Amino acid sequence: MKKNKIYKMALDFAKIEKYWKDFWIENKTYKVDIDKDKEKYYVLDMFPYPSGAGLHVGHPLGYIASDIFSRYKRMTGFNVLHPMGFDSFGLPAEQYAIQTGIHPAESTRENIKMYKKQLSNLGLNYDWSREVQTSDPDYYKWTQWIFSRLFEHYYDINENRAVPIDNLIEEFEKYGNLNVNAATAETKSFTAEDWKKMKDTEKNDVLMNYRLAYRKVGYVNWCEALGTVLANDEVKDGISERGGHPVVKKPMNQWSLRITAYAERLLNDMENIDWSDSLKSMQRNWIGRSEGLQMFFDIAQSDKKLEIYTTRPDTIFGVTFMVLSPEHPFVEELTVAENKKEVEKYIEYAVNKTEIERTSEKKISGVFTGSYAVNPINGKQIPIWISEYVLMDYGTGAIMAVPSDDDRDRAFAQHFNLPIINIIDKSKYPEATSKDKLGVMINSDFITGMEVPEAIEAIINKVESMGIGKKQVNYKLRDANFSRQRYWGEPFPIIYDEQGIAYLLPEDELPVELPPMTEFKPTVDGKSPLARNKNWVNDIDGFYRETDTMPGFAGSSWYFLRYMDPQNEEVFASKEALEYWQDVDFYIGGTEHAVGHLMYSRFWHKFLFDLNLVPTNEPFKRLVNQGMIQGVIEFLYLKKEKENGVNIFVSKELVDDNKQDEYAKIPVYIKFVKDYGTDNSYLDKDGIDKFREWREEYKNAKFVFQNGVYQSGEFDGEGSEENMRFTTLSEVGKMSKRYHNVVNPDDVVDEYGADVFRMYEMFLGPIEQSKPWDTKGIDGISKFIKRYWGLYEDRDGKWLVTEDKPNADELKLLHKTIKKVTEDINNLSFNTAISTMMVFVNEIKKMDSHKKAVLEPMVKLIAPFAPFVAEELWHRLGMSGSVHHEQYPVFEEKYIKESTVKYPICINGKKRGIEEFDANATQDEIKKIVRELDYVKKWIGDKPIRKEIIVPGRMVNIVI
RNA sequence: GCCGAAGUGGCGGAAUUGGUAGACGCGCUGGACUCAAAAUCCAGUGGUAGCAAUAUCGUGUGGGUUCGAUUCCCACCUUCGGUACCA
């Protein structure tokens with residue numbers, strides 16, 4: 001008992017952590033400035049949204065990894081930029097404000113304070129002097145400024161970059177848009193004369209079709225419950241990702257960003273960046289490039305031409321009908337009188353359907369317009385239908401349907417009894433699906449007999465020569481909706497005149513600050529809460545302000561640039577800072593941002609690059625996705641039907657798999673559950689009582705077990721109530737407030753210390769792998785740190801380190817450890833780096849060695865992993881300054897050279913023994929010795945040796 | 001459906017170029033210290049047979065290439081992540 005106490009005092013991590021945290025702040029240990037004598041290295045974490053729930057043990061996984069890596073880089077001589085900040089605009093703070101009346105700015109400030117405290121408890125080496133917050137006016141001034149530049153530019157396809165809109169206006173005045181090749185939604189051609197005749201509002205509309213930030217009417221994801229428009233990636237399965245509310249399509253005037261202009265560059269430039277293949281392929285899918293043919297079909301009894309897009313021009317002889325999207329502009333005109341009623345009914349049905357209904361029930365639906373199109377290749381008339389399976393915002397919103405070679409078209413044709421013409425013979429390719437571009441054309445006039453790829457070319461040539469279409473590349477990527485009807489986001493630097501023409505506010509009026517308000521609900525007509533503030537909206541004579549705010553990804557699309565020069569008031573970052581820090585060398589964060597944030601950031605960065613405002617074309621050189629630390633979710637089965645008004649909970653083993661629908665799963669606070677996270681997790685009497693206390697509504701619920709019933713504190717059944725076991729259902733899933741399974745890192749740090757927590761999270765497995773949190777192995781790391789400490793100081797607080805000269809074995813061990821740890825850090829294989837250090841401690845303990853010449857380099861080696869313990873030992877060794885600014889140990893080959901080599905001896909590839917040979921032994925010498933070995937002789941017997949293989953340094957194999 | 005990642009002891013995981021499968025840790029078993037417990041230390045720990053030496057099986061399944069395969073190739077199964085009426 002007494003001994004134990006003294007030992008604990010020797011490693012009082014709470015005291016050590018407090019001391020060095022203060023020391024680092026006082027000495028600005030992690031502050032970094034431009035230093036042109038040193039090479040820069042930029043390590044970045046995806047900054048968090050400061051939610052009210054605080055950090056859980058899942059967040060730090062990436063932070064710890066980047067912390068170790070940045071400390072290592074600093075110790076190898078780099079000038080390391082490793083900042084942190086907060087993505088502090090967002091919906092939760094606003095919803096919290098609606099519920100509580102607490103201003104988002106205030107709750108956000110509180111949450112950030114809590115986050116910073118939690119982060120500092122982990123010993124992360126951020127340079128807090130560079131902190132950015134996206135909701136800070138000094139920051140969002142520049143978000144607005146970049147938006148202004150997007151508004152003022154269009155994308156010139158010939159030059160392949162963004163060009164000022166003023167150049168375009170000049171061009172329009174001279175030649176109209178006849179020679180313009182730009183990324184645009186403008187479909188009309190006009191001459192200079194036409195342009196000059198246009199009214200201001202018309203000119204404004206035309207320019208909007210070119211600007212990179214523009215306004216358009218579009219169908220947006222409208223969420224009634226949240227009172228806001230959501231981005232496509234904020235909607236999952238037709239319901240809002242946050243809150244799970246239904247989402248419908250609604251027409252609204254919205255700001256958008258023309259990210260599609262950059263689609264090709266976003267796709268191609270991925271080749272030169274060091275991202276994982278899976279991440280690249282996710283981005284590639286999202287961009288969704290396809291090559292095909294855009295062409296026009298004539299319409300019988302009409303001058304209109306129907307534009308379609310297809311990736312399968314070869315199938316043109318198999319077209320038996322056309323399909324328009326319900327939102328297609330031709331719908332009204334093409335509907336003949338007798339079909340009018342039915343079509344209107346269908347449009348009503350399709351447009352008002354929520355996204356969830358559209359995707360969940362895959363019913364085939366559609367309606368005939370009564371009009372016919374003419375196949376330009378064979379002159380056949382084909383009916384034009386309307387169906388919701390054709391989407392307005394992909395391609396042209398109209399398709400030529402080929403039921404023989406498209407699954408959806410076929411299902412549609414079968415449902416409505418439309419003809420199907422087989423046009424491709426796939427008998428040569430039995431494995432091919434209808435999607436594969438394989439086969440030989442049949443029933444196809446002049447392309448009959450051609451292979452599919454050949455036929456595609458032939459039809460494209462034909463269509464192009466007829467002047468009714470051309471080869472075209474299409475993308476799934478859509479322009480990004482950039483308007484939100486919210487309060488807690490960046491206001492737009494935009495005002496409108498009476499005609500509704502948008503003007504930019506000049507730079508010296510930025511930032512446009514959020515006006516203080518007390519009411520945060522959106523208006524009933526769906527406008528942003530800002531619209532309530534009439535004084536603010538109309539405070540410029542003759543103009544009114546934009547009341548929408550920008551979405552979450554606005555501030556996060558460029559924050560990594562602001563870290564380079566966070567206090568600059570003249571520019572978003574100085575040329576000098578940008579030239580020095582360049583780009584992010586190493587970026588770490590979760591896969592959930594694989595498409596959203598990373599795509600938008602790349603887009604903004606490329607735009608800034610076009611304007612010559614940043615020196616690099618891509619923002620993030622190397623990117624790693626850390627895995628998620630999942631939580632354990634414990635559920636109780638509750639019968640959906642009450643019995644006599646009483647809730648019935650049923651122990652898991654009594655729940656029949658076939659009757660699971662009759663039960664609701666109620667999550668329970670995991671701390672009440674014994675053996676949580678296993679198949680045998682259960683509540684005992686104490687756990688049930690805690691649950692009853694915690695959830696008042698279940699105070700009198702009945703708990704049914706195999707051997708009895710427990711209700712209102714009374715047990716009725718066999719055996720004693722102390723042995724009650726109510727089995728729970730254990731699942732692995734997200735750590736979240738609603739599952740009551742959040743593990744706070746502070747609790748773990750309090751119990752074991754920050755260094756142990758850090759190393760344990762890294763020791764769990766490869767950084768990119770997801771895994772459930774459990775503390776089973778944490779004692780192993782805790783023991784390791786104590787054993788490591790014990791090399792320097794014994795249990796009684798006696799200092800053990802000696803000045804003796806190390807011997808060859810000790811040096812060999814040290815340098816082998818240095819070599820492996822260094823390699824592992826470079827590969828981000830922190831779990832094996834830690835196990836290597838464990839091996840070191842085990843081995844050196846066996847040697848009973850405490851020599852400074854070995855133990856001092858070890859302090860430096862462990863410093864990135866266990867910064868507190870390392871700093872403490874460094875100073876106890878009599879050093880000054882911070883160990884984190886020391887040179888990282890470098891291994892020397894000469895110490896690890898072995899004089900002998902151990903070879904496994906194999907017969908026919910199977911290991912039969914191990915032999916040690918002189919490192920300089922020749923192959924012949926080895927062969928000679930091996931042949932004489934007893935067990936080798938035994939295995940060979942009298943069979944002839946067919947082959948002897950010696951891989952130097954690896955193994956010996958004899959083939960008989 | 002499509003795209004991507006992964007399947008190794010009771011558990012987390014290791015094996016970086018095809019060359020000793022299971023490093024390291026947890027757990028478990030036995031022992032030392034102790035009146036006892038905790039802590040700590042020592043030893044053992046993939047399965048099967050055997051007192052043992054040893055043999056044999058073994059990296060999701062089935063095939064293949066190779067002197068030799070967790071690693072490469074083909075087919076399949078399972079799990080996880082992403083994504084989808086994308087013409």
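A quick note: this is a predicted structure, and the numbers were derived from the prediction, not measured. These numbers come from the heavy atoms of this one structure, side chains and all, not from hydrogens, waters or symmetry mates. By convention in this document, chain letters (A, B, ...) are assigned in the order of the sequence lines, proteins followed by strands, and residues within each chain are numbered from 1.
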Looking at the base of B/C86, is there any donor atom on it, or on the side chain of A/Arg408, that sits under 3.5 Å from an acceptor on the other one? no

Do A/Lys280 and A/Asp277 sit within salt-bridge range, that is, some charged N less than 4.0 Å from a carboxylate O? no

Closer than 4.0 angstrom, basic N to acidic O: yes or no for A/Arg312 and A/Asp314? yes

Which part of the nucleic acid, if any, lies within reach of A/Val839 when heavy atoms closer than 4.0 Å are counted: base, sugar-phosphate only, or nothing?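 The answer is sugar-phosphate, as A/Val839 gets under 4.0 Å only of primed atoms, P, OP1 or OP2.
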
Considering only [options], which nucleotide approaches the side chain of [X] most closely?
X: A/Met838; options: B/G19, B/C24, B/A87; answer: B/C24
X: A/Arg954; options: B/G19, B/C26, B/C86; answer: B/G19
X: A/Asn842; options: B/G19, B/C86, B/C24; answer: B/C24
X: A/Val959; options: B/A87, B/C67, B/C41; answer: B/C67

Would you call [X] and [Y] a side-chain contact if the rule is heavy atoms closer than 4.5 Å?
X: A/Asp409; Y: A/Met400; answer: no
X: A/Lys786; Y: A/Tyr788; answer: no
X: A/Val331; Y: A/Thr369; answer: no

Atom [atom1] of [X] and atom [atom2] of [N]: how far apart are they, to the nearest Å?
X: A/Asp409; N: B/C85; atom1: CG; atom2: C1'; value: 10 Å
X: A/Gln294; N: B/C86; atom1: CD; atom2: P; value: 20 Å
X: A/Glu327; N: B/C85; atom1: CD; atom2: P; value: 13 Å
X: A/Phe321; N: B/A87; atom1: CZ; atom2: C1'; value: 11 Å
X: A/Asn908; N: B/C67; atom1: CG; atom2: C1'; value: 7 Å
X: A/Asp406; N: B/C2; atom1: CG; atom2: C1'; value: 14 Å
X: A/Lys846; N: B/A43; atom1: NZ; atom2: C1'; value: 12 Å
X: A/Met392; N: B/C85; atom1: CE; atom2: C1'; value: 16 Å

Using the [atom1] atom as the point on both nucleotides, what is the distance between [M] and [N], in whole Å?
N: B/C67; M: B/U83; atom1: C1'; result: 46 Å
N: B/G25; M: B/U40; atom1: P; result: 13 Å
N: B/C26; M: B/G46; atom1: P; result: 16 Å
N: B/G13; M: B/G9; atom1: P; result: 12 Å
N: B/U59; M: B/G22; atom1: C1'; result: 9 Å
N: B/U71; M: B/U8; atom1: C1'; result: 12 Å
N: B/A32; M: B/A38; atom1: C1'; result: 16 Å
N: B/A37; M: B/G31; atom1: P; result: 12 Å

Classify the angle between the aromatic ring planes of A/Phe69 and A/Tyr72 as parallel (below 30°), tilted (30 to 60°) or perpendicular (above 60°). tilted

For B/A87 and A/Tyr394 - does any side-chain N or O of the residue sit under 4.0 Å from the phosphate oxygens OP1/OP2? yes

Ignoring backbone atoms, test whether A/Arg787 places a side-chain nitrogen or oxygen under 4.0 Å from the OP1 or OP2 oxygen of B/U40. no

Reading nucleotides 3-16 of chain B from the 5' end, what letters show protein touch, with B for base, S for backbone sugar-phosphate only, - for no heavy atom under 4.0 Å? SS------SBSS-B

Letter by letter from the 5' end, nucleotides 44-57 of chain B scores (B base, S sugar-phosphate only, - none; protein heavy atoms under 4.0 Å) -----------SSS

So which one's nearest nucleotide on RNA chain B is more toward 5', A/Ile781 or A/Asn957?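 The residue mapped nearer the 5' terminus is A/Ile781.
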
Contact nearer the 5' end of RNA chain B, comparing A/Thr311 with A/Cys906: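 Between the two, 5'-proximity favours A/Cys906.
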
Test: A/Lys305 cationic atom under 6.0 Å from A/Phe296 six-membered ring centre, within 45° of axis: no

Pi-cation contact, A/Trp275 with A/Arg622 (under 6.0 Å, within 45°):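 Negative - A/Arg622 is either too far from the ring of A/Trp275 or too far off its axis.
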
Over all atoms of both residues, closest heavy-atom pair of [X] and [Y]:
X: A/Ser290; Y: A/Tyr309; answer: OG-OH, 2.9 Å
X: A/Arg758; Y: A/Ile68; answer: NH2-CG1, 3.9 Å
X: A/Cys906; Y: A/Asn957; answer: O-OD1, 3.3 Å
X: A/Arg284; Y: A/Met270; answer: N-CE, 4.1 Å

Answer yes if the ring centres of A/Tyr346 and A/Tyr349 are under 6.0 angstrom apart, and no otherwise.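 Judged by ring-centre distance (under 6.0 Å), A/Tyr346 and A/Tyr349 do meet the cut-off.
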
Looking at A/Phe917 versus A/Tyr903, is the centre-to-centre ring distance below 6.0 Å? yes

Please map the stems of RNA chain B, keeping only stretches of three or more Watson-Crick or G-U wobble pairs with both distances under 3.5 angstrom. B:1-7 with B:77-83, B:10-12 with B:24-26, B:27-32 with B:40-45, B:46-49 with B:54-57, B:60-64 with B:72-76

Specify the glycosidic conformation (syn or anti) of B/G9, with syn defined as within 90° of 0.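 Syn, angle within 90° of zero.
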
